[in-house]
Amino acid sequence: MTTPLLSIEGLTVGYGTRDGVVNAVRGVDLTLARGEKLGVAGESGSGKSTLALALLRLLPPTATVTGRVLLDGEDVLEMGWGRLRAVRWAGASIIFQGAMHSLNPVQTIGDQIAEPILRHQKVSRDAAATRVRELLGQVGMLPDRARSYPHELSGGQRQRVMIAMALACEPDLVIADEPTTALDVMVQAQILTLIDGLVASRGISLLMISHDLSVLSDVCDRLAVMYAGRVVEVGPASDVFRAARHPYGAALAGAFPTVGDPAARMRPQGLPGDPPDPQDLPSGCAFHPRCAVRLDHCDSVDPVLWPAGADNHTAACVRVLPDEGRSLTADPAPVEEATR
Ligand code: ADP
Ligand code: MG
């Protein structure tokens, strides 16, 4: 097997606050192959942005991170600052939600796109300006827009500028955190199609975050569903979207399995309640208080990701665990001491 471009191993992030530690990401393992598009879905507060920021060490100083983030085999969490600066943009770049706040209002967008090019590639100002015009064309804008200021652009155009910036240094990985959430529906679709096409034609890997599983399933090869700081389901996009094996994944996909009703196996239904407070997580499976198909022991078993049907599809639900995970509730078997 070839080394994945990105390998996230046992990643945890806790934010230190006056009221204690907020465990925003709790042990995430994910891999992304070269050229692959991985979607990460989950309601607000599930830890998606924290995960994205941790990948490039963009978290505030109050955050404590453990685990490994291997980018092309090199641990981002262990890099010196010089190396990290080079990797941001040239190795991996981020498109944030809400471009409005990420762009400098008093600098032309041409200068802003040129900045990472001048910083990371040894090119002249003229060559950088040419590259900026090229990039603007590629994101569907007139090259002369380089002279515009952010306030002269629409929301969709500003997000196109962010995409141009993310591509400016030809990274291997683009991380897009809710890149279209602030835009109206028509523009959302255009921007997603644009990102999809640009990364595909360059063989760039994409990690795209959204609360909307259907949006992600259109663009991505694989989907990961996050709940309360964990990945609770991951697999091929079409399997996770059409045949989610975790009740939370199913709820996000807009359909909910109805127990004991095989005829109407999937029926749309809203999800009750809100995601839990990371400082006060329910016992057992963190999703159990909202789960319509919970079993009695779901408040005492914290399920691990387990093979669930199709290739590389896993889900952390007792319903896919052997013996419905009951063996995990039992007292651990006494360990016999080796006699020799
Ligand atoms: P998502 O992007 O899925 O909405 P986030 O990663 O933004 O989730 O947040 C995960 C959890 O971490 C939430 O409970 C949020 O309130 C908390 N959180 C995010 N940023 C901070 C911070 N800087 N300090 C303390 N808690 C934070
Ligand atoms: Mg977020």
Side-chain angles (χ1 to χ4, degrees), residues 3-17 20-34 36-81 83-84 87-88 91-97 171-178 205-211 216 220 222-235 240 246 248-249 275-279 281 285-287 302-306 312 314-316:
T3 321
L5 175 69
L6 176 71
S7 180
I8 304 168
E9 300 177 0
L11 189 73
T12 71
V13 181
Y15 290 105
T17 72
V21 178
V22 176
N23 295 306
V25 172
R26 304 182 299 131
V28 164
D29 297 295
L30 281 175
T31 59
L32 185 57
R34 227 164 247 288
E36 188 178 38
K37 293 179 276 186
L38 172 69
V40 176
E43 285 164 292
S44 181
S46 53
K48 305 179 303 296
S49 293
T50 301
L51 174 71
L53 294 171
L55 300 183
L56 284 178
R57 277 169 57 191
L58 293 167
L59 290 165
T62 52
T64 304
V65 184
T66 65
R68 303 209 299 170
V69 175
L70 301 176
L71 189 62
D72 217 0
E74 195 182 353
D75 193 347
V76 175
L77 303 183
E78 299 283 320
M79 282 173 188
W81 285 106
R83 179 74 188 126
L84 185 62
V87 162
R88 287 181 188 163
S93 60
I94 295 200
I95 303 167
F96 291 105
Q97 55 199 105
D172 299 318
L173 169 67
V174 167
I175 300 162
D177 186 359
E178 311 246 13
S205 304
L206 177 68
L207 193 150
M208 185 177 295
I209 293 172
S210 174
H211 56 273
L216 292 178
C220 298
R222 281 196 308 138
L223 293 181
V225 176
M226 281 186 79
Y227 191 76
R230 290 230 179 119
V231 171
V232 296
E233 176 152 20
V234 58
V240 174
H246 193 290
Y248 182 64
D277 175 355
Q279 287 181 280
L281 290 175
C285 169
F287 183 63
D302 192 2
V304 292
L305 283 171
W306 200 263
N312 301 320
T314 57

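Residues Val13 and Leu53 form no side-chain contact, since every pair of their non-hydrogen atoms from C-beta on lies 4.5 Å or further apart. For the pair Val76/Leu84, a side-chain contact is recorded, criterion being any heavy-atom separation below 4.5 Å from C-beta on. Looking at Arg57 and Trp81, their side chains come closer than 4.5 Å, going by heavy atoms from C-beta outward. Residues Phe96 and Ser49 fail the side-chain proximity criterion, which asks for heavy atoms closer than 4.5 Å. Considering only heavy atoms from C-beta on, Pro4 stays 4.5 Å or farther from Leu32 through its side chain. Thr31 has its side chain within reach of Ser7: a pair of non-hydrogen atoms, C-beta onward, lies under 4.5 Å apart. Contact annotation: the side chain of Arg222 never approaches that of Val240 to less than 4.5 Å [non-hydrogen atoms, C-beta and beyond].
Between His246 and Phe287, the ring centre distance stays below 6.0 Å.
Residues meeting the salt bridge (charged side-chain N to carboxylate O under 4.0 Å, His left out) test with Asp277, sequence neighbours left out: none. Judged as a side chain to side chain donor-acceptor pair (under 3.5 Å), and not counting sequence neighbours, Ser210 has no contacts. For Thr314, there are no side chain to side chain donor-acceptor pair (under 3.5 Å) partners at least two apart in sequence or on another chain. Checked against side chain to side chain donor-acceptor pair (under 3.5 Å), Glu43 has the following partners two or more places apart in sequence or in another chain: Tyr248, Arg290. In this structure, the side chain to side chain donor-acceptor pair (under 3.5 Å) partners of Asp302, at least two apart in sequence or on a different chain, are Arg230.
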### Query
Which is it for Leu77 and Arg68 under the side chain to side chain contact (heavy atoms under 4.5 Å, CB included) test, yes or no, and what are the steps along the way?
CA-CA 7 Å; Leu77 303 183; Arg68 303 209 299 170; 5.6 Å; no
### Task
Go through the steps for Cys220 and Leu38 under the test side chain to side chain contact (heavy atoms under 4.5 Å, CB included), then give the verdict.
CA-CA 5 Å; Cys220 298; Leu38 172 69; 6.0 Å; no
### Task
Just do the side chain to side chain contact (heavy atoms under 4.5 Å, CB included) check on Leu6 and Ile8 with the steps written out, would you?
CA-CA 7 Å; Leu6 176 71; Ile8 304 168; 4.1 Å; yes
Ignoring hydrogens and angles, write down the donor-acceptor pairs under 3.5 Å from the side chains of residues 60-67, residues two or more places apart or on other chains.
from, atom 1, to, atom 2, distance (Å)
Thr66, OG1, Thr12, OG1, 2.4

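In plain terms, the two heavy atoms of Ala228 and Ala286 that are nearest each other are CB-CB, 4.1 Å. Scanning all heavy atoms of the two residues, the minimum distance from Gly47 to Val25 falls at O-CG2, 3.6 Å.
To the nearest 0.5 angstrom, Leu30 atom CG is 11.0 Å from Glu9 atom CD. Separating the CG atom in Asp72 from the CG atom in Leu5 is a distance of 5.5 Å, to the nearest 0.5 Å.
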